[in-house]
Amino acid sequence: MYNDKTLVCKECGEEFIFSAGEQEFYAEKGFQNEPTRCKACRGKRDHSAKKELYDAVCAECGQPTRVPFKPHLDKPVFCSKCYSSKKI
Ligand SMILES: [Zn+2]
Ligand SMILES: [Zn+2]
């Protein structure tokens with residue numbers, strides 16, 4: 001059986017309830033981790049970006065940029081401007 005749990009949102013710092021029903025749902029789906037964000041923050045994310053973005057520095061112009069993959073040292077990362085000018 002599950003009991004409602006109070007967790008603290010990693011994004012906004014507010015406490016939120018990880019309800020018994022949700023815990024059951026998570027267990028059913030086989031999710032190993034508890035949610036780290038409250039419903040409001042999770043909702044926000046769903047609409048903005050599904051993918052996690054990583055901070056990187058463009059190898060061409062040196063401008064900070066964000067990429068949807070973890071940058072590797074052996075692979076140069078380009079900002080969208082440089083990337084499109086390279087026509088890869
Ligand atoms: Zn939150
Ligand atoms: Zn660039």
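Since we're looking at a predicted model, the values are computed, not measured. When a ligand or atom number is given, it counts from 1 through the structure's own listing order. Counting from 1, the numbers follow the sequence of the chain as shown.
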Checklist entry - With distance as the sole test, does Gln23 use its side chain to make a donor-acceptor pair with the main-chain N or O of Asn3 at under 3.5 Å? => result yes
Next on the checklist: Less than 4.0 angstrom from a charged side-chain N to a carboxylate O is my criterion; do Glu22 and Lys39 meet it?
Outcome noted: yes
Item to check | Sub-4.5 Å side-chain heavy-atom contact between Leu53 and Val67 | outcome: no
Next on the checklist: Could you tell me if the side chain of Phe69 sits less than 4.5 Å from the side chain of Lys75, heavy atoms only?
Outcome noted: no
Checklist entry - Taking the Zn ion (ligand 1) as the center, what protein N, O or S atoms are found at less than 2.8 Å? => result Cys9 SG, Cys12 SG, Cys38 SG, Cys41 SG
Checklist entry - Is the distance between the ring centroids of Tyr83 and Phe78 under 6.0 Å? => result no
Checklist entry - Taking NZ, NE, NH1 and NH2 as the nitrogens, is one of them in Glu34 or Lys5 under 4.0 Å from a carboxylate oxygen of the other? => result yes
Next on the checklist: What do you get for the angle at the Zn ion (ligand 2) between SG on Cys58 and SG on Cys82, to the nearest 10 degrees?
Outcome noted: 110°
